[in-house]
Protein chains: 2
Amino acid sequence: MTGGKRIMGLPSIRRMPMYYRLLARELEAGRTQISSAYIAEALGMEPIVVRKDFTLFGIIGKPKIGYETEEALQVIDSLMNSRDSNEAFLVGVGNLGQALLSYRGFEHMGLDLIAGFDVDSDIVGRRIQGREIFALVELPRLAKRLHVKTGILCVPEEAAQDCADAMVDAGIEGIWNFAPVRLQVPDYVVVQNEDLAEGLAILIVKLNQSKREGIQRTN
Amino acid sequence: MTGGKRIMGLPSIRRMPMYYRLLARELEAGRTQISSAYIAEALGMEPIVVRKDFTLFGIIGKPKIGYETEEALQVIDSLMNSRDSNEAFLVGVGNLGQALLSYRGFEHMGLDLIAGFDVDSDIVGRRIQGREIFALVELPRLAKRLHVKTGILCVPEEAAQDCADAMVDAGIEGIWNFAPVRLQVPDYVVVQNEDLAEGLAILIVKLNQSKREGIQRTN
DNA sequence: TCTATATCGATATATTAATATCGATATAGA
DNA sequence: TCTATATCGATATTAATATATCGATATAGA
């Protein structure tokens, strides 16, 4: 590991988007103050986890009142936006890539997908949700010119490492990797691996357990 | 919670697909025996974690040798396949739904996506990767007739709860939920929530930290 | 056959995360 | 003004997870 001790735990970070969405919705609905109990109830969690997370995030509440919804929202927003920009390129405009390009809900999380890249000449030149799709060979030039530092990688397994290399060469420093491959990158590059199969594995194992219990119960 | 203590920890379950893919690849390549050190190296983790997981999975190795690749593969496969079947319906054939329908890589994980459902008449009747897309109203009838118990939910936020209700009515007992909504379901229904924004949040926070360190380093 | 060694797996420890307890405090209402 | 109470946040405890240590053992090679 490249060092750099974690300021807050990964579980807390994972919960940020969930908090964000709830707070935004509640503020919209006119709830200017909100308690940990209310948040926990809405999100199916324990109030104490909310309070611990918020303390960690630097959100300060008031006894008897709770938290200022807007302030909490802004703090979480700033934690997810504090870099100069979160402009990103998406590499690999297949089904998943298109889905990510079309997904509204990353924008308010600080991600600004400005273009897609692919090798498939059928798709190069098209626009998806207003974002132009360029040939992969254009990546270095455009990344450098636009100073884009973040890339989303959703190419097939076989192409992943080559694409990652190209991205790194182009100056990309953060890769959100959807290919089931452990990418080899320089130390300064941050990689976040996303493995859709993980969630599926959990569902299946849970179902197996639940079924086994069911059998025991009816025996 | 519905009770039912976990047999093995969630982190170990999450690592199963990763092990599975590596073992399949190595077996393919002719490596019939494999050590925890080798696996760890290939996956960027610690050997001791591999050994602990394998012990948990019930995979037994031999000193000086390691594990039988094929046996390990089969054990993990059986853990992810042991129900009667993992046939599933996909509800919401938008961009993400289409991506999931097209994704090869769930099949060998025990998931058999047999059909899609949507309300959009433009897409109903089409076929995606050989799977027919039906109108959502057909879900109860088909789920009951085919005894499908698993559903993948990738509809927009607003529609998620209604669709979940319909799925539960139709006899679905396991929902892989991609909508950023806490679904209200009966106790016996297992829900696995997938929040793509989580990974993004982690990437962004890591980048922020990495950048902050970078600034400190160059000062 | 015997010895050296790679590797597992059991036990112990450390780290991280979740949960519980409870005093402090800001507001609402008497 | 005073009191009751909801709620935070600090501290303590417990549980889960990751990591370390080391003895046991199966094989390779002398």
Side-chain angles (χ1 to χ4, degrees), chain A residues 1 3-16 18-19 22-23 26 31-72 75-76 198 201-202 205-206 209, chain B residues 1 3-16 18-19 22-23 26 31-72 75-76 198 201-202 205-206 209:
Chain A
M1 206 170 288
K5 59 175 172 300
R6 235 180 278 127
I7 277 73
M8 53 191 143
L10 249 40
S12 300
I13 298 174
R14 285 188 179 283
R15 289 188 285 263
M16 293 194 328
M18 181 172 83
Y19 291 136
L22 178 72
L23 291 170
E26 294 294 336
R31 183 179 296 269
T32 57
Q33 298 176 320
I34 194 165
S35 73
S36 62
Y38 184 94
I39 296 171
E41 166 67 20
L43 298 176
M45 51 193 301
E46 297 298 320
I48 195 169
V49 178
V50 177
R51 288 207 298 278
K52 248 194 79 194
D53 281 344
F54 276 33
T55 300
L56 229 51
F57 298 160
I59 300 168
I60 296 168
K62 277 190 284 196
K64 182 86 191 263
I65 300 297
Y67 303 90
E68 295 293 326
T69 312
E70 188 167 7
E71 185 205 323
V75 170
I76 293 176
E198 283 183 8
I202 291 179
V205 173
K206 277 187 192 164
Q209 287 174 3
Chain B
M1 207 171 287
K5 59 174 172 298
R6 234 181 281 128
I7 279 71
M8 53 191 145
L10 250 40
S12 299
I13 298 174
R14 284 189 180 283
R15 288 188 286 261
M16 292 195 326
M18 182 171 83
Y19 291 136
L22 178 70
L23 292 170
E26 294 294 336
R31 183 179 296 267
T32 57
Q33 298 176 321
I34 195 165
S35 72
S36 63
Y38 184 95
I39 296 171
E41 167 66 22
L43 297 176
M45 51 191 302
E46 297 297 320
I48 194 168
V49 178
V50 176
R51 289 206 298 278
K52 249 196 76 195
D53 282 343
F54 277 31
T55 300
L56 229 52
F57 299 161
I59 300 168
I60 296 169
K62 278 190 285 197
K64 183 86 191 263
I65 299 297
Y67 303 91
E68 294 293 324
T69 313
E70 189 166 6
E71 184 205 323
V75 170
I76 293 177
E198 283 183 7
I202 292 179
V205 172
K206 277 187 194 166
Q209 286 175 4

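Chain identifiers are assigned alphabetically (A, B, ...) following the order of the sequence lines, protein sequences preceding nucleic acid strands; residue numbering begins at 1 within each chain.
Counting heavy atoms from C-beta on, the side chains of B:R15 and B:V49 come closer than 4.5 Å. Residues A:Y67 and A:L23 fail the side-chain proximity criterion, which asks for heavy atoms closer than 4.5 Å. Looking only at side-chain heavy atoms (C-beta outward), B:E70 and B:T32 stay at 4.5 Å or farther from each other.
Among C:dG9, D:dG9, D:dT7, the nucleotide with an atom closest to any side-chain atom of A:P63 is D:dT7. The side chain of A:K52 approaches C:dA18 more closely than any other nucleotide in the set D:dC8, D:dA18, C:dA18. For B:P11, the listed nucleotide lying nearest its side chain is D:dT17; candidates were C:dA17, D:dT17, C:dT27.
Atoms CD (A:E46) and P (D:dA15) sit 15 Å apart, rounded to a whole Å. Rounded to an integer number of Å, the gap from A:L56 CG to C:dA18 C1' is 13 Å. With rounding to whole Å, B:I48 atom CD1 is found 14 Å from C:dT11 atom P. Across the protein-nucleic acid pair, B:R51 atom CZ and D:dA20 atom P stand 11 Å apart, rounded to whole Å. As rounded to whole Å, 15 Å separates atom C1' of C:dA26 from atom CD1 of A:I60. The distance from atom CG of A:D53 to atom P of C:dA18 is 8 Å, rounded to the nearest whole Å. With rounding to whole Å, A:I34 atom CD1 is found 10 Å from D:dC8 atom P. We find that CG of B:L10 is positioned 11 Å from P of D:dA18, with the value rounded to whole Å.
At a threshold of 4.0 angstrom between heavy atoms, the contacts of A:Y67 are confined to the sugar-phosphate backbone, with no base atom among them. Among the protein residues, A:R15 comes within range of the sugar-phosphate backbone only, with heavy atoms under 4.0 Å from sugar or phosphate atoms but none that close to a base. Within the 4.0 angstrom heavy-atom criterion, only backbone atoms of the sugar-phosphate kind lie near B:S36; the bases stay farther away. Among the protein residues, A:I65 comes within range of the sugar-phosphate backbone only, with heavy atoms under 4.0 Å from sugar or phosphate atoms but none that close to a base.
Summarising the geometry, atom CD1 belonging to A:I39 is positioned 6.5 Å from atom CG belonging to A:L22; distances are rounded to the nearest 0.5 Å. With values rounded to the nearest 0.5 angstrom, B:D53 atom CG is found 13.0 Å from B:R14 atom CZ.
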Paired and unpaired positions of DNA chain C as dot-bracket, Watson-Crick or G-U wobble under 3.5 Å, | denoting a partner strand: ||||||||||||||||||||||||||||||
Audit row: B:Y19, B:V50, side-chain contact (heavy atoms from CB on, under 4.5 Å) steps and yes/no: CA-CA 9 Å; B:Y19 291 136; B:V50 176; 4.1 Å; yes
Stepwise side-chain hydrogen bond (donor to acceptor under 3.5 Å, both in side chains) check, A:R51 with A:S36: CA-CA 6 Å; A:R51 288 207 298 278; A:S36 62; 3.2 Å; yes
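Between B:V49 and A:S35, the residue whose closest nucleotide on DNA chain D is further toward the 5' end is A:S35.
Looking at A:K64, its side chain comes within 3.5 Å of the base of C:dT27 through a donor and an acceptor atom.
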